[in-house]
Student: 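One structure, pasted below without further comment.
Within every chain, numbering begins at 1; the chains are lettered A, B, ... in the order of the sequence lines, protein sequences first and strands thereafter. When reading the values below, keep in mind they use all heavy atoms of this one structure, side chains included, and skip hydrogens, waters and symmetry mates.
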There are 2 protein chains.
Amino acid sequence: MIAAEILTTGDELLRGDVVNTNAAWLATRLKQLGAQLCRVVTVGDALPALTGALAEALPRCQLLLVSGGLGPTADDRTTEAVARVASNLPLELHAEALDAMRARFARGNYPFTPNNEKQAYLPRGATLLPNAHGTAPGFMLRVGGCLVVCLPGVPHELKGIFEEEVVPRLTAELALAPALVHSLNVFGLGESQLDHRLTDLLQLCDPGGCQVTLHYRTSFPENRVLLVVCPGEGGEPEARAVMERLSAEARARLGRHVFGVDEQSFPEAVVGALRRCGASLALAESCTGGQAADLLTSAAGSSEVFSLGVVAYSNEFKQRLLGVPQQVLADHGAVSRECVEAMALGVRALAGATYGVAISGVAGPSGGTPDKPVGTVHFALAAPDGRVRHLHRVFPFDRLRVKRLSAYTALALTLHECRGEASLSGDLFEGRWAPRASEAGR
Amino acid sequence: MIAAEILTTGDELLRGDVVNTNAAWLATRLKQLGAQLCRVVTVGDALPALTGALAEALPRCQLLLVSGGLGPTADDRTTEAVARVASNLPLELHAEALDAMRARFARGNYPFTPNNEKQAYLPRGATLLPNAHGTAPGFMLRVGGCLVVCLPGVPHELKGIFEEEVVPRLTAELALAPALVHSLNVFGLGESQLDHRLTDLLQLCDPGGCQVTLHYRTSFPENRVLLVVCPGEGGEPEARAVMERLSAEARARLGRHVFGVDEQSFPEAVVGALRRCGASLALAESCTGGQAADLLTSAAGSSEVFSLGVVAYSNEFKQRLLGVPQQVLADHGAVSRECVEAMALGVRALAGATYGVAISGVAGPSGGTPDKPVGTVHFALAAPDGRVRHLHRVFPFDRLRVKRLSAYTALALTLHECRGEASLSGDLFEGRWAPRASEAGR
């Protein structure tokens, strides 16, 4: 396997002004491309720091990805540093780079300054990596046994050049064997529960000649299970077969907690499920303050399945708009099964939607009581046949996480209902069905 | 200035499963404490990688912060690696660490396994850094001229130990001169606009013997201007005086775009402003899908100023709930000045709130027309005296950013109105006042 390193540069990283997301993104891509990332180093903009870090890295790896320091200002010295460690190669004006930059400035009607011309000087023998997303072109250069690839530090430019210019050249220049990567996207199981369910997965699924790994990526409250298969002598066909077996077994074990795969987002899964069953959703929110509606509408096309959300933050509007009986609020309070069931029925009727879903809870930091501590949240889903499903949870988190987890839970209830998975039980979403409720008298 | 480095460890960082937020957080704290961060290195869990990175860093710095690898499993080898590079110091059972760990397990009713005991072995002579937030204690050890501080990799444990155990010891062990840091929190100006307005700030404000820097931290769509003053011979009193001059001048130049300072969040600023003027807010949202309400209610105490949000995603509910005349929708469409003004008046009347604020736009990716391209958003604020303020913007961003920027803009309109800043103009929030509108006939 090719040994790779990443060198990210910039004073802003050393001050902590910027979180180094470029390193994580490049790390993921290297893993997928079948290279072995051994080290990530970050230094500032000073030339000695850059040349020092470059000179140390070169003998350790066959591929060195460098980000940042390609801009037009005096602070941007990556090109100069690379030329120095490459036996003091001269910098030469690269005509194609200059033309592309001039054309870009002309299109945008920006003045082209001498500063910008600096960006078109590359070490002699370097390969230009055109930048379709910004002004600073990248370049690659072989220095001894190491291929050095220099990319701009602006994340979307770095990603664009990497995908469009670097990947095709890398697979040609280096003997990379890209790995197959498949992601199962999960809500409702934590990392330790995932690990428990999948612990013997790799033993049970015959990997043939492939190297198989499994890992987890958390973005609260979602988890992604990443299955990675590096092809062996059987090549890609064998790797695909191994991946299919792994994926099928993992899905069987995780069940309905898998909301989607690969790039599919949670809101897209919910919108897709509603569409497929020809249903619509209306939302009545209290403690989530509109976050469930916001989450749902982050998916393009959500307007086909969603037309109304009511954020009834006070009791007054739970009564006036959603028809929660005053007696329910007096007897049980707004954070109760009775209240969310009435809210769900109310918003469903108001919107004329297939499903009405309601959320009411104590997000904190204050407002908790011994009976209803901070994190207590009630959910209800009102379905077409008059059924009302109720769910009660106490989330041990702070205000922002209680809101976020509650918004997800409300949409997950909807997703499982659409998929006919609602009767499954035994975990975060175990619910119980209320007796058939009447919508009369509301 | 003390030269510092950070060594973050863990295979998950090299796979890109985790973004290295610990490094950015520690970098910020080092800057504030008056140390100079020179390099950040990330390696995996293997012992040779750890000892190699440690041995290289030791001669370069006086302070080395190490994170990760203190857990109970065979993968956790940081303690062993530090002992090796410190002339092969023996690992010794630290009685206080063991007692603290046993007590923690007993409180949580967890079984204490031999694995866990491993975490109480420290290099001979190390200083224990008790962990009040998890099981893995940290430690610090002087190795030659370098103070090595080992912290767990779990972010909240790392932060807790750092603040509670490391900071007091660092200021004693090293001659640190903590810097004063003050943040002006801005919405409505981009980084280049900030830079333009503040470009000569440092020249104009006499820094005395202090070293003064200014930088920017962006978290879309907010920007923070960080003012950093490192005390000189005049000590902290001089530094405080310099900071006061700097801050006053910067605030004067940025005007109402400064919504808060230091830790104050944007929603907290809006809720605070509404409270101070005894006002309440109701929201009518279309393209933002509830995000303005969600943003507002992320601030604790928001229920005092907010009671109702309506997410009228379809035209039907803009008419039925908010009273937008059918003729307005027919003549001007939902994305129009006329529609948002009617929505703002409608939701204000429905909620009986001081202010009604409405948002309607084309978030994309589809739905744009030549007249109303993707990113077109209209805003309106209805005030008690019948005034309606209107704002029209075309945001050149994708769906998620259009939603986010629109939610912020709607709340910023409210903030400026409460603060009596609404007549300022010349930038992102320049609005125009509609003729006195009538609420009759609705």
Side-chain angles (χ1 to χ4, degrees), chain A residues 12-21 23-31 37-44 49 53 56 215-217 226 283 285 287-294 296-298 300 302-303 306-314 316-317 321 351 363-366 399-400 403, chain B residues 12-21 23-31 37-44 49 53 56 215-217 226 283 285 287-294 296-298 300 302-303 306-314 316-317 321 351 363-366 399-400 403:
Chain A
E12 69 282 9
L13 290 166
L14 295 184
R15 283 192 307 254
D17 291 347
V18 172
V19 174
N20 197 344
T21 54
W25 189 85
L26 289 171
T28 300
R29 293 296 286 122
L30 285 173
K31 170 108 192 150
L37 178 60
C38 302
R39 190 186 281 232
V40 180
V41 174
T42 303
V43 294
E56 289 163 26
H215 41 112
Y216 306 112
R217 189 170 287 188
L226 293 172
L283 289 164
E285 304 187 51
C287 66
T288 43
Q291 187 167 150
D294 178 40
L296 185 72
T297 59
S298 67
S302 47
S303 60
F306 174 73
S307 57
L308 180 67
V310 174
V311 184
Y313 220 52
S314 68
E316 180 191 348
F317 293 105
L321 281 182
S366 59
R399 180 180 183 86
L400 295 187
K403 285 183 69 181
Chain B
E12 70 281 10
L13 290 166
L14 294 184
R15 282 193 308 254
D17 291 347
V18 171
V19 174
N20 197 344
T21 55
W25 188 86
L26 289 171
T28 300
R29 293 296 287 123
L30 287 173
K31 171 110 192 147
L37 178 61
C38 302
R39 190 186 282 232
V40 180
V41 174
T42 303
V43 294
E56 289 163 26
H215 42 113
Y216 306 111
R217 188 170 289 188
L226 293 171
L283 289 164
E285 305 187 51
C287 66
T288 44
Q291 187 168 150
D294 179 39
L296 186 71
T297 59
S298 67
S302 47
S303 60
F306 174 72
S307 57
L308 179 67
V310 174
V311 184
Y313 220 52
S314 68
E316 180 192 349
F317 293 106
L321 282 182
S366 61
R399 180 179 182 87
L400 296 187
K403 286 183 68 182

Student: Quick one: of B/G290, B/G44, B/A23, B/A363, who has the most non-hydrogen atom pairs under 4.5 Å with chain A?
Tutor: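 Highest number of pairs under 4.5 Å: B/G290.
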Student: Where on B/S366 is there a heavy atom nearer than 4.5 Å to chain A: the side chain, the backbone, both, or neither?
Tutor: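 It is neither, since no heavy atom gets under 4.5 Å.
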Student: Relative to chain A, which of B/L400, B/V19, B/L308, B/L37 shows the most heavy atom pairs under 4.5 Å?
Tutor: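 That would be B/L308.
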Student: Where is the tightest heavy-atom contact between B/V43 and B/L14, given as atom of each residue plus distance?
Tutor: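 Looking at all heavy atoms of both residues, the closest pair is C-CD1, 3.9 Å.
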Student: Roughly how far, to the nearest 0.5 Å, is the OG1 atom of A/T288 from the CG atom of A/L283?
Tutor: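 A/L283 CG to A/T288 OG1: 8.0 Å, rounded to 0.5 Å.
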Student: Relative to chain B, which segment of A/A53 carries a heavy atom at a distance below 4.5 Å: side chain, backbone, both, or neither?
Tutor: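 For A/A53, backbone and side chain are both near chain B.
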Student: Would you say the side chain of B/V40 lies within less than 4.5 Å of the side chain of A/L13, judging by non-hydrogen atoms?
Tutor: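 Answer no - side chains too far apart.
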Student: May I ask you to name which of A/V311, A/L30, A/L26 has the most heavy-atom pairs under 4.5 Å with chain B?
Tutor: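 Most heavy-atom pairs within the cutoff with chain B belong to A/V311.
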Student: Looking at B/P365, B/A312, B/C38, which makes the most heavy-atom pairs under 4.5 Å with chain A?
Tutor: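 Most pairs with chain A among the choices: B/C38.
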Student: Return the option, out of B/T28, B/D17, B/T21, with the maximum number of heavy-atom pairs under 4.5 Å with chain A.
Tutor: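 Ranked by contacts with chain A, first place is B/D17.
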Student: Looking at A/E316, A/E285, A/H215, which one has more heavy-atom pairs under 4.5 Å with chain B than the rest?
Tutor: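 That would be A/H215.
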Student: Can you say whether B/V18 sits under 4.5 Å from chain A via the side chain, the backbone, both, or neither, judging by heavy atoms?
Tutor: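 It is the backbone, since no side chain atom gets that close.
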Student: Name the region of A/L226, side chain, backbone, both or neither, that has any atom closer than 4.5 Å to a heavy atom of chain B.
Tutor: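 Contact with chain B involves the side chain of A/L226 alone.
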Student: Please state whether the side chain, the backbone, both or neither of B/L321 comes within less than 4.5 Å of a heavy atom of chain A.
Tutor: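 For B/L321, the contact with chain A is made by the side chain alone.
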Student: By a 4.5 Å heavy-atom criterion (distance strictly below it), what part of A/A351 contacts chain B: side chain, backbone, both, or neither?
Tutor: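 For A/A351, heavy atoms of backbone and side chain both lie under 4.5 Å from chain B.
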Student: Which atoms form the tightest heavy-atom contact between B/F306 and B/A293, and what is the distance?
Tutor: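 The answer is CZ-CB, 3.8 Å.
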Student: Hey, which of A/A292, A/A27, A/S302 has the most heavy atom pairs under 4.5 Å with chain B?
Tutor: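 Ranked by heavy-atom pairs under 4.5 Å with chain B, first place is A/A27.
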Student: Look only at the side chain of B/R399 and the backbone of B/G364, and say whether a donor-acceptor pair between them is shorter than 3.5 Å.
Tutor: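 Yes.
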Student: Output the option from A/K403, A/K31, A/R29, A/E12 having the highest count of non-hydrogen pairs under 4.5 Å with chain B.
Tutor: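 Highest number of pairs under 4.5 Å: A/K403.
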Student: Can you tell which part of A/F317 gets under 4.5 Å to a heavy atom of chain B, answering side chain, backbone, both or neither?
Tutor: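 It is the side chain, since no backbone atom gets that close.
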